[in-house]
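Okay, so here's the structure we're looking at.
Since this is a predicted model, take the numbers as computed values, not measurements.
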Amino acid sequence: MIQSGEFYFISRPRRFGKSLTVSTLKCLFQGQKELFEGLWIAKFWSFKRY
């Protein structure tokens, strides 16, 4: 996602919240691994700070 430099369509349920989606991505890219412990993403994300 980061290295390919392409566009991605990120779908979300209706009324889910654009701000929550963006905040979640922000935390992932900042490397805040402790927020995602026990979740699927914690197994596959590198949690390197970008």
Side-chain angles (χ1 to χ4, degrees):
M1 182 173 180
I2 296 166
Q3 296 175 357
S4 67
E6 297 180 17
F7 293 97
Y8 290 90
F9 175 73
I10 301 174
S11 65
R12 60 177 174 75
R14 186 170 182 244
R15 301 188 56 89
F16 178 70
K18 293 177 283 297
S19 297
L20 180 59
T21 302
V22 171
S23 295
T24 302
L25 289 172
K26 178 183 174 185
C27 290
L28 279 170
F29 285 105
Q30 286 181 340
Q32 298 179 9
K33 185 175 184 175
E34 63 279 355
L35 296 177
F36 300 95
E37 288 180 6
L39 300 177
W40 176 86
I41 193 74
K43 297 176 187 173
F44 300 100
W45 191 261
S46 67
F47 289 101
K48 190 169 67 172
R49 189 176 174 101
Y50 293 95

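- Sorted by first and then second residue, the side chain to side chain donor-acceptor pair (under 3.5 Å) pairs involving residues 18-32 (not counting sequence neighbours) are Q30-Q32.
- Side-chain contact between W45 and F29 is present, with at least one heavy-atom pair separated by less than 4.5 Å.
- Listed by chain and number, the residues in a side-chain contact (heavy atoms from CB on, under 4.5 Å) with K43 amount to none (sequence neighbours excluded).
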What side-chain donor-acceptor pairs closer than 3.5 Å can you find for residues 33-42, not counting sequence neighbours?
none

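- Hydrophobic clustering (ILVMFWY, side-chain heavy atoms < 4.5 Å, transitive): L25 and F44 are in one cluster.
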